Amino acid sequence: MRFQVPKGTSDILPDEQPYWRFFESRASETAASFGYGRIDTPMFEDAQLFVRGVGEVTDIIESETYTFEDRGGDLITLRPEGTAPVCRAYLEHGMHNLPQPVRLYYFSTNFRYERPQAGRYRQHHQMGIEVFGDGDASIDAEVIEVGWRVLDSVGIRDKILGLNSIGDTECRPGYVEELRSYYRPRVDDICRDCRRRLDQNPLRLLDCKQASCQPVTAGAPRSADYLCTACREHWEALLGYLRDVELPYRIDHRLVRGFDYYTRTVFEIVPPDEGSQSTMVGGGRYDGLIEELGGAPTPGIGFGMGVERAILNVKRQGVQLPTNSRTKVALAHVGEAARLRAARLASCLRMAGTPAMLAPRRSLRSQMRYASSQSATHAVIIGDEEMGRGVVVLRDLDRGEQREVALADLETVLRGSEA
RNA sequence: GUGAGCGUGGCCAAGUGGUUAAGGCGCCAGGUUGUGGCCCUGGAGAUCGAGGGUUCAAAUCCCUUCGCUCACCCCA
């Protein structure tokens, strides 16, 4: 085999498409029902946007972006995540002058240079939302609810919402120090990765999966216990809002997120069964990000939802996709003249709004088999004899009945069969 | 970046040293005069991922390489 898809990417074949279109339409409808407007941003951006936005020392920026110089010498990065570009657009188009809050949703293709595995790809798709200009906890609850409802809308009933607050610039430094001093005397009891995390990314110590580290992490100080007054009030208000809309949450003191920009609320929605790369929704508040990108201090919050992962769960839960029972006609023909007529007729039917396809130039039997295989609802059969009389045979493939129809009446009859 | 498993026709898959590499799905053609879905018959399609080695003999053993998958890391 000469060519194949690049590592970590995949083709989405026709059989797979219904899942994608189902997801996209349901997710869009759900976001719109909360008042969100769609935004699309380019697939690549100035490399600096992500360095400033995601954080210089995160793995994503250090080793996972597709970054290259274009022909004009500009440093370009293929979008690795959805939030920074939307923030850029918010600022660039003066959306801070719109009535706040501004609610946006998007579908994006993201790129990260990683070793692929189940649920993790080099090119992956995300649906996400962002809300700017409102720091109230009710917005946190709303954003979380949108994520939850989107999953509901595609039939994913079994899911768990994990929730935590990691504080803000006011209280987090103190907490991180607390965390460090808890771990330092215990370095001999933790794994090698954790020793590295202790220096580089202490929050990550909390979600280590190594069995040997579990006793240590279990006793570690919890960020929610070290919140400043403002953060604690926000946190408690959020929990109240969630209870009001009856979203079952699970406070997870070990939940931290990978991007530097998160403040206060972080959350994720995961399927109940244990899996490695299974997080369907991950998000949080990022009140400092807009400022970091050159705007006025503006609160923001959002989430990213992995479409591949969501669809995986749609399949796992055996969700029945809505079927479209729309009329679809295959035109079979016997003889060259009839083939020409069939082709013209197919064109007319399509113009009139009825999907129609020409059967291949083979035996009639074979053409009928083809019609079945394409799940046509009707076959139109044209031969010399019909041509002479200005009629066609119209066969209902589901019922197995057929009759002659005058050429002039065909469109009307087919339209009548839409029921 | 680290570790493990696997690579046989479009797909699934038997075969673990020895004549022309099973089978199923799918595909194509037939099953009388112009008709589908089931069934029957026939057909096309594989240098057994690639390269090298061991052997009288390798898809089967060894080495190298490429690819895929899974896990760690990280994350959607």
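Throughout, a chain's letter reflects where its sequence line sits, starting with A, and its residues are numbered from 1. What you see is a predicted model; the values in this text were computed from it and never measured.
Residue side chain A:His124 meets the stacking definition with respect to B:A76: its ring centre sits within less than 5.5 angstrom of the base's six-membered ring centre, and the planes differ by less than 30 degrees.
Comparing the C1' positions of B:C56 and B:A14 gives an interatomic distance of 27 Å, to the nearest angstrom. Of the P atoms belonging to B:A59 and B:U2, the separation is 34 Å, rounded to the nearest Å. Straight-line distance between the C1' atoms of B:G42 and B:G5: roughly 41 Å, to the nearest whole Å. Comparing the P positions of B:C25 and B:C39 gives a spacing of 8 Å, expressed to the nearest Å. Rounded to whole Å, the C1' atom of B:G7 lies 16 Å from the corresponding atom of B:U64. Here, B:U54 and B:C62 have their P atoms 15 Å apart, quoted to the whole Å. Distance check on atom P: B:G49 versus B:G9 gives 7 Å, rounded to whole Å. B:A46 sits 13 Å from B:A22 when the C1' atoms are compared, rounded to a whole Å.
For the OP1/OP2 pair of B:C68 and a distance below 4.0 Å, the side-chain nitrogens and oxygens of A:Lys7 include at least one atom meeting the criterion. In this structure, A:Arg365 reaches the B:G31 phosphate: one of its side-chain N or O atoms is under 4.0 Å from OP1 or OP2.
Here the nucleotide nearest the side chain of A:Arg309, chosen from B:U35, B:A76, B:A29, is B:A76. With distances taken from any side-chain atom of A:Arg115 to the nucleotides B:U35, B:G34, B:G1, the minimum falls on B:G1. Among the nucleotides B:U35, B:G31, B:A76, the one closest to any side-chain atom of A:Arg369 is B:G31. Closest to the A:Gln4 side chain, of the nucleotides B:C68, B:G34, B:C73, is B:C68. Of the candidate nucleotides B:A29, B:U35, B:G31, B:U35 has the atom lying nearest to any side-chain atom of A:Leu364. Distance from the side chain of A:Met368 is smallest for B:G36 among the nucleotides B:C72, B:G36, B:A76. Set against B:C73, B:G34, B:A76, the side chain of A:Gln277 has B:C73 as its closest nucleotide. Ranking B:A71, B:U35, B:C74 by closeness to the A:Ile381 side chain, first place goes to B:U35. Among the nucleotides B:G36, B:G1, B:A29, the one closest to the side chain of A:Arg120 is B:G1.
Nucleic acid contact for A:Tyr121: base, since at least one base atom lies under 4.0 Å from a heavy atom of the residue. A:Asp398 comes within 4.0 angstrom of a base, heavy atoms only. Counting any heavy atom pair closer than 4.0 Å across all strands shown, A:Ala118 reaches sugar-phosphate atoms only and no base atom. A:Val307 comes within 4.0 angstrom of nothing in the nucleic acid, heavy atoms only. A:Gln367 comes within 4.0 angstrom of no nucleic acid atom, judged by non-hydrogen atoms across all strands. Using a 4.0 Å heavy-atom criterion, one finds that A:Arg399 contacts no nucleic acid atom at all. Residue-level contact check: A:Ser363 touches the backbone only, with heavy atoms under 4.0 Å from sugar-phosphate atoms and none from bases. Among the atoms of the strands shown, none is found under 4.0 Å from any heavy atom of A:Gly82. Within the nucleic acid shown, A:Gly335 has no heavy atom closer than 4.0 Å to any nucleic acid atom. Within the 4.0 angstrom heavy-atom criterion, base atoms lie near A:Gln402. A:Met127 comes within 4.0 angstrom of nothing in the nucleic acid, heavy atoms only. Nucleic acid contact for A:Glu386: base, since at least one base atom lies under 4.0 Å from a heavy atom of the residue.
Comment: A:Glu336 engages A:Arg361 in a salt bridge, judged by a side-chain N to carboxylate O separation of less than 4.0 angstrom. For A:Arg79 and A:Glu45, the salt-bridge test fails: no basic side-chain N is under 4.0 Å from an acidic carboxylate O. Ion pairing between a basic and an acidic side chain is recognised when a charged N comes within 4.0 Å of a carboxylate O; A:Glu404 and A:Arg389 show such pairing. Using a cutoff of 4.0 Å between basic side-chain nitrogens and carboxylate oxygens, A:Arg254 and A:Asp252 are not scored as salt-bridged. Ion pairing between a basic and an acidic side chain is recognised when a charged N comes within 4.0 Å of a carboxylate O; A:Arg157 and A:Asp152 show no such pairing. Salt-bridge annotation for A:Arg316 and A:Asp273: present, with a side-chain N of the basic residue lying under 4.0 Å from a carboxylate O of the acidic one. Between A:Glu24 and A:Arg38 a salt bridge is recorded (basic side-chain N to carboxylate O distance below 4.0 Å).
Nearest-nucleotide mapping onto RNA chain B: of A:Arg196 and A:Gln123, the residue sitting toward the 5' end is A:Arg196. Take the nearest nucleotide of RNA chain B for A:Cys208 and for A:Val334: the residue whose nucleotide is more 5' is A:Val334.
A:Asn110 and A:Gln126 form a side-chain donor-acceptor contact under 3.5 Å, judged by distance and modelled atom types alone. With no hydrogens or angles considered, no side-chain donor-acceptor pair links A:Ser153 and A:Glu29 at under 3.5 Å.
When rounded to the nearest whole Å, the span between CG of A:Asp384 and C1' of B:U33 equals 15 Å. Between the P atom of B:C75 and the CG atom of A:Leu255 lies a distance of 12 Å, rounded to the nearest Å. Atom-to-atom, CH2 of A:Trp20 to C1' of B:A76 comes out at 11 Å; the value is rounded to the nearest Å. Separating the CD atom of A:Glu114 from the C1' atom of B:A71 is a distance of 14 Å, rounded to the nearest angstrom. In this entry the distance linking CZ of A:Arg362 with C1' of B:G36 reads 13 Å, nearest Å. The separation between A:Gln374 atom CD and B:U35 atom C1' is 17 Å, rounded to whole Å. At whole-Å resolution of the value, CG in A:Asp207 and C1' in B:C73 are 11 Å apart.
At a cut-off of 3.5 angstrom, counting only N and O atoms as typed in the model, there is a donor on one side and an acceptor on the other between the side-chain of A:Gln117 and the base of B:C73. In terms of polar N and O atoms assigned as donor or acceptor, the side chain of A:Ser372 comes within less than 3.5 Å of the base of B:G36 in a complementary pairing. Under 3.5 Å, the side chain of A:Arg112 and the base of B:A76 form at least one donor-acceptor pair of N or O atoms.
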Item to check | Pair pattern of RNA chain B in dot-bracket, where unpaired bases get dots and | marks partners in another strand, Watson-Crick or G-U under 3.5 angstrom | outcome: ((((((((.[[[..)..(....]]].(((((.......))))).....[[[[[..)....]]]]])))))))....
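None of A:Tyr286, A:Tyr105, A:Tyr90, A:Tyr36 except one satisfies the side chain to side chain donor-acceptor pair (under 3.5 Å) rule with A:Glu130; the exception is A:Tyr286.
In terms of heavy-atom proximity, A:Thr83 sits nearest to A:Tyr106 at N-OH, 4.2 Å.
The side-chain tip of A:Arg243 does not point at the ring of A:Tyr241 from less than 6.0 angstrom away and within 45° of straight on.
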